[in-house]
Amino acid sequence: MIGLTKLRELNLPDAANGERPSHLSAASGLVCLDSTMYVIADDELHLGVFSTTDAGPGRLVRLFDGVLPEEKAARKRQKPDLEALTLLPAFEGFHHGALLAVGSGSRPNRRPGCPARA
């Protein structure tokens, strides 16, 4: 049996104009590095960054340009469908490593990967 421990809520700052929920949902990839959790969601254009020592809101780091529609079917068609996140070891130009997010590959808009500095 695998034991689970809840680390925190994936809460975000409240959007002033109500454009997005106050949490990250559909999380599909996670990398924990020191006291920081990096989270991708299959219906987002951003990487979520959350502290494991502070329950305050996390922040979003943009990975892809554009805006996704709020309507569920339209959002599903356009989303990058990020499914995996991994930490790459240090290499030239990325002396502390990097994160690599990849999509499901099920459609052309879901094939790009996205590097981000760790």
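All residue numbers in this chain count up from 1 along the given sequence.
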Novice: If I take atom NE2 from residue His46 and atom CZ from residue Arg59, how far apart are they, to the nearest 0.5 angstrom?
Specialist: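 The distance works out to 12.0 Å.
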Novice: Would you give the length of the straight line joining atom CG of Asp81 to atom CG of Asp42, rounded to the nearest 0.5 angstrom?
Specialist: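 If we round to the nearest 0.5 Å, Asp81:CG and Asp42:CG are 5.0 Å apart.
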Novice: When rounded to the nearest 0.5 angstrom, what distance separates CE in Met37 from CG in Leu30?
Specialist: 6.0 Å
Novice: Going by heavy atoms in the side chains, are Leu87 and Leu99 under 4.5 Å from each other?
Specialist: yes
Novice: If you measure from CG on Leu60 to CG on Leu24, what distance do you get to the nearest 0.5 Å?
Specialist: 6.5 Å
Novice: Who are the side chain to side chain contact (heavy atoms under 4.5 Å, CB included) partners of Leu88, not counting sequence neighbours?
Specialist: Thr86, Phe91, Leu100
Novice: Looking only at non-hydrogen atoms, find the nearest pair between Pro13 and Pro57 and report the distance.
Specialist: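 The pair with the smallest heavy-atom distance is N-CB, 3.5 Å.
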Novice: Restricting to non-hydrogen atoms, name the atom on Arg8 and the atom on Gly58 that form the minimum distance, rounded to 0.1 Å.
Specialist: NH2-N, 4.1 Å
Novice: Could you list the donor-acceptor pairs under 3.5 angstrom formed between side-chain atoms of residues 48-55 and any protein atom two or more places apart in sequence or on another chain?
Specialist:
residue	atom	partner	partner atom	Å
Ser51	OG	Thr53	N	3.0
Ser51	OG	Thr53	OG1	3.1
Ser51	OG	Asp54	N	3.0
Thr52	OG1	Ser35	O	3.2
Asp54	OD1	Gly56	N	2.8

Novice: Can you name the side chain to side chain contact (heavy atoms under 4.5 Å, CB included) partners of Glu9, sequence neighbours left out?
Specialist: Lys6, Asn11
Novice: Which heavy atom in Ala84 sits nearest to a heavy atom in Ile40, and how many Å separate them?
Specialist: O-CD1, 3.2 Å
Novice: Does a side-chain heavy-atom distance below 4.5 Å link Leu45 with Arg62?
Specialist: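 Sidechains of Arg62 and Leu45: in contact.
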Novice: Which pair of non-hydrogen atoms, one from Asp43 and one from Ser25, has the smallest distance, and what is that distance?
Specialist: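 Heavy atoms of Asp43 and Ser25 come nearest at OD1-O, 3.6 Å.
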Novice: For Leu10 and Ala27, work out which heavy atoms get closest and say how close.
Specialist: CD1-CB, 4.1 Å
Novice: Please round to the nearest 0.5 Å and tell me the distance separating atom CZ of Arg75 and atom CG of Leu68.
Specialist: 4.5 Å
